[in-house]
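Below is one structure, written out as structure tokens, with a few remarks after it.
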Amino acid sequence: MAKKAVASLQKGAGKGYSKVIKMVKSDKTGAYTFQEGVVPNEMVKDYFKK
């Protein structure tokens with residue numbers, strides 16, 4: 001599935017967006033989870049600052 005999502009971002013207007021994956025630690029269990037999203041290229045750094 002990931003290949004299809006990434007491939008679709010590389011065509012046409014999709015070049016202005018990036019797929020980002022962030023690792024987040026849970027407060028309750030202490031386990032790490034992954035959050036995925038598609039954000040504009042200008043907002044990638046802001047996404048990871050949160």
Side-chain angles (χ1 to χ4, degrees):
M1 282 195 194
K3 289 182 181 180
K4 185 175 182 181
V6 173
S8 65
L9 291 174
Q10 295 177 354
K11 296 179 183 174
K15 290 184 179 182
Y17 292 88
S18 297
K19 182 176 181 180
V20 291
I21 303 171
K22 179 169 55 170
M23 191 167 62
V24 180
K25 188 173 184 178
S26 172
D27 293 331
K28 291 183 180 181
T29 63
Y32 286 95
T33 59
F34 295 95
Q35 291 181 343
E36 295 184 21
V38 178
V39 297
N41 289 339
E42 304 87 38
M43 299 182 68
V44 171
K45 289 184 180 181
D46 295 334
Y47 179 84
F48 287 112
K49 286 183 182 178
K50 293 181 184 178

Minimal heavy-atom distance between Tyr47 and Gln35, with the atoms involved, is OH-O, 3.4 Å
Restricting to non-hydrogen atoms, name the atom on Asn41 and the atom on Tyr17 that form the minimum distance, rounded to 0.1 Å. OD1-C, 3.3 Å
Can you tell me how far the CE atom of Met23 sits from the CZ atom of Phe34, to the nearest 0.5 Å? 5.5 Å
Between Val39 and Ile21, is there shared hydrophobic-cluster membership here, with clusters defined by ILVMFWY side-chain heavy atoms closer than 4.5 Å? no
